[in-house]
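One structure is given here, and the rest of the page talks about it.
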There are 2 protein chains.
Amino acid sequence: MAGNTSGRKSTIYDIAKATGSSTSTVSMVLNGTWRRYRIKEETANRVLESARKLGYHVNMKARGLRLSRSGLAGMVLPHYRNRFFAGLAQTFEDQARSRGLCPIVVGTQRDPAVEASVTQTLLSQRVELLFIAGVRNPAPLNALCAAAGVPSINVDLPGDGAPSVVSDNRGGARAITDVLIDKLIARRESPDELILLGGIPGEYATAMRIAGFRDAFEARGIALKADAVDSCGYNAASARNALALRHEKLGRLPSGLLMNSITAFEGFVQFTSTLSPEAWRSAVVGCFDWDPFAAHLSFDVTMLRQDVQTIISEAFALADHYDPADRSVVLVPTGFGKMFEEAEQTKEFDR
Amino acid sequence: MAGNTSGRKSTIYDIAKATGSSTSTVSMVLNGTWRRYRIKEETANRVLESARKLGYHVNMKARGLRLSRSGLAGMVLPHYRNRFFAGLAQTFEDQARSRGLCPIVVGTQRDPAVEASVTQTLLSQRVELLFIAGVRNPAPLNALCAAAGVPSINVDLPGDGAPSVVSDNRGGARAITDVLIDKLIARRESPDELILLGGIPGEYATAMRIAGFRDAFEARGIALKADAVDSCGYNAASARNALALRHEKLGRLPSGLLMNSITAFEGFVQFTSTLSPEAWRSAVVGCFDWDPFAAHLSFDVTMLRQDVQTIISEAFALADHYDPADRSVVLVPTGFGKMFEEAEQTKEFDR
DNA sequence: CTGTTAGCGCCTTCAC
DNA sequence: GTGAAGGCGCTAACAG
């Protein structure tokens, strides 16, 4: 097997000794800048060959120390449990790699203490930029980065300590509400029975989505019922309970439902699975976010999908022209169903 | 706001100058080892205060260079799109952090070229250990790590270049097949109509699962039909097509199905959603892997769940007592349904 | 109790 | 064309 047997990693000194050249020659060759220094091709080849044989890898710690560039790009996000965050992570990795950076993404479980300590760690590793995704109050993290002179960008949830790029929740809500209202009308059902379920009062995404929901009704001059919006929380259990209450009061499922998150939608599925198929197949359902299983349920379900590609591109663009004083918020449009599916391609071996 | 205004990160020299002490004093204080060196508490406080004011963070690059310890733990995995890999990533991060390491996990999309280059990058960053998950042929990656003197552990898919920890696919298949056969018998249906759908002939996990599937039948003395096992591939489309063929030939759905992956199960859901509920509600279904939506579908579905906690713990244990010559394979038992759910807890704000 | 110093591995400038 | 030398920020002896 190739490689040194000593267990110690090989350095440019080892290569220099092995090839009888000097460390600077080795360095130049390994960096591809040797042509500029008119180093003999033969020498270069000898060095390259030796490096391969010794199983040499640049020590980014040393290079980074010297060049004060770590080659690391960081991203913190709550978790990988839904397609949106999984897609963000994936896209971030791809784009970071294509820029020659090593992506390093960390899940924080939405724990502010973890968020802070992870940020510190990433800063210690000297990441060259940091994307902060899905953090409710990113300001302290932005401050940390600012103090270290590292560009930080807020993603998905805006903050006032750095520029942000977020999905156009309001526009998306407006669009999906329009679709659902049209469907209800086509079925000769009353649009004002449509309810928006899930989310947290006062929370940014919820507020935006409620606004978009209202926009759609206002544009048609339809009055919203008092209980049309129920911000019962994001998680499955709360949505399930809220739905059970509605079901009991109404004696049946509402004819139209817009679920405020994939987890709320989970609660919806959990509840309806206790009902008979006839009882729920007729409901018109919409959901913020997308999931492959949910998309194929036997409902008439419309799913809003976020454009992770554009979100990440915009974030990198912001980082490129980083201005510490910039507080702009970039809005990225959403789409329906299978849009933005490129990233979902599966290989033959994927399971 | 705290922090230097120069944009340059502050160093221990800055602190030393600011506090009128020497770099070693600062270093000791910052490392918490100052008590041992009997440094005056007052001095220590002065240093700490100054560090805070200057927005100082250790430069792990420099410390790593000096100590030849990077504080980085690496993991490569195919993607985050299913709960198993997402759970592996999450658990890895948690355990790495609790060991004082900075987790750095990278998705490779199952592309061998990406796998290799990512490994090189991680090695360059001087990760202290590398977990290689879901890689079909980890041998080259193991070789790379070995050459660099970095412990590597294969996870999920074993390899002969390093120790491995994998789920007990055969035992799990045996157990879930038993459950399904019992259910069929309880419904007075013939167990030999149970089929195993999905996977790739010759691939490790598929082979193990087929063996377990056979074990269950053999133990009961039931003969397996010739077409009981259909390794039609892992992805949703192939499973959907294979199922459509069966459906056409049989004139109905098979009474029992064991899907070889969550993606194959996706194909199953896609196909059955085109059928009437009566046509599929009676089927007895099983699946390797778990998903929150799939778990609440209106099927009688039994899902096998992998124990990511134990898998990662075992992998760390292997890394702790790393022996380059070790080629052992640790088998981790699987469980059903909601087992191992601790990691799935969602917070109020989770969406 | 605290300061001085010698590298960790690499890159770059400047002589030769 | 190539070698020597300095220094990136930090730590651990070793002197005081």
Side-chain angles (χ1 to χ4, degrees), chain A residues 4 6 8-47 51 54-72 123-126 128 148-149, chain B residues 4 6-47 50-51 54-72 123-126 128 148-149:
Chain A
N4 58 23
S6 70
R8 224 189 80 271
K9 285 125 191 147
S10 31
T11 74
I12 54 169
Y13 293 99
D14 300 330
I15 299 180
K17 200 172 298 171
T19 59
S21 50
S22 80
T23 58
S24 62
T25 308
V26 173
S27 174
M28 289 158 179
V29 171
L30 260 24
N31 283 305
T33 58
W34 56 280
R35 288 227 99 90
R36 267 205 288 114
Y37 291 90
R38 288 171 299 179
I39 287 173
K40 267 192 294 196
E41 184 144 2
E42 188 210 317
T43 316
N45 287 334
R46 214 150 22 94
V47 168
L54 262 48
Y56 171 85
H57 297 273
V58 205
N59 184 335
M60 289 300 288
K61 294 249 118 76
R63 172 182 289 179
L65 186 55
R66 183 64 236 264
L67 265 29
S68 59
R69 283 199 52 245
S70 65
L72 258 25
L123 254 18
S124 286
Q125 297 289 346
R126 289 301 190 262
E128 297 179 21
Chain B
N4 57 23
S6 70
R8 223 187 83 271
K9 286 125 190 144
S10 32
T11 75
I12 54 170
Y13 292 99
D14 300 330
I15 299 181
K17 200 171 300 172
T19 59
S21 50
S22 79
T23 58
S24 61
T25 307
V26 174
S27 174
M28 288 158 178
V29 171
L30 261 23
N31 282 306
T33 58
W34 57 279
R35 286 228 101 89
R36 268 205 288 113
Y37 290 90
R38 290 171 297 180
I39 287 174
K40 265 194 295 199
E41 185 143 359
E42 188 211 317
T43 317
N45 287 334
R46 216 154 17 99
V47 167
S50 169
L54 263 46
Y56 172 85
H57 297 273
V58 206
N59 184 335
M60 289 301 287
K61 294 249 117 76
R63 172 183 288 178
L65 186 56
R66 183 64 239 260
L67 263 29
S68 58
R69 284 199 50 244
S70 65
L72 258 26
L123 255 18
S124 286
Q125 297 288 348
R126 289 300 189 262
E128 295 179 22

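Proteins get letters first, then strands, A, B, ... in listed order; numbering begins at 1 in each.
- Looking at K61(A) and Q125(A), their side chains come closer than 4.5 Å, going by heavy atoms from C-beta outward.
- Take the nearest nucleotide of DNA chain D for R38(A) and for T23(A): the residue whose nucleotide is more 5' is R38(A).
- Side-chain contact check for L54(A) versus I15(A): some heavy-atom pair is nearer than 4.5 Å.
- The phosphate of dC14(C) (OP1 or OP2) has no side-chain N or O of Y37(A) nearer than 4.0 angstrom.
- When the P atom of dC10(C) is taken as reference, atom CG of D14(A) falls 9 Å away, rounded to whole Å.
- Rounded to whole Å, the distance from CH2 on W34(A) to P on dG1(D) is 11 Å.
- Look at CD1 on I12(A): it is 11 Å from P on dT12(C), rounded to the nearest Å.
- Under the 4.5 Å side-chain criterion, counting only non-hydrogen atoms from C-beta, T25(A) is not in contact with Y37(A).
- Looking at heavy atoms from C-beta onward, W34(B) lies out of side-chain contact with T43(B) at the 4.5 angstrom threshold.
- One atom, CG of N31(B), and another, P of dG9(D), lie 17 Å apart when rounded to the nearest Å.
- In the interface, the side chain of T43(A) is not paired with the base of dT2(D) through any donor and acceptor atom under 3.5 Å apart.
- Under the 4.5 Å side-chain criterion, counting only non-hydrogen atoms from C-beta, L65(B) is in contact with N59(A).
- With the nearest nucleotide of DNA chain C identified for both K40(B) and S68(B), K40(B) has the one nearer the 5' end.
- In this structure, NZ of K61(A) is placed 16 Å from C1' of dT11(D), rounded to the nearest angstrom.
- Among the atoms of the strands shown, only primed sugar atoms or phosphate atoms (P, OP1, OP2) are found under 4.0 Å from some heavy atom of R63(B).
- dC8(C) atom P lies 18 Å from atom CZ of R69(B), rounded to whole Å.
- Using a 4.0 Å heavy-atom cutoff across all strands shown, T25(A) reaches sugar-phosphate atoms only and no base atom.
- Spacing between atom CD of E42(A) and atom P of dT2(D) amounts to 9 Å, rounded to whole angstrom units.
- At the phosphate of dG9(D), neither OP1 nor OP2 sits under 4.0 Å from any side-chain N or O atom of T11(B).
- Taking atom CE of M28(A) as the reference point, atom P of dG9(C) lies 20 Å away to the nearest angstrom.
- The phosphate of dC10(D) (OP1 or OP2) has a side-chain N or O of Y56(B) nearer than 4.0 angstrom.
- Comparing dG9(D), dC11(C), dC10(D) by their nearest atom to the side chain of V58(B) picks out dC10(D).
- For dT2(D), the OP1/OP2 oxygens have no side-chain nitrogen or oxygen of S24(A) closer than 4.0 Å.
- No donor-acceptor contact under 3.5 Å links the side chain of Y13(B) to the base of dC8(D).
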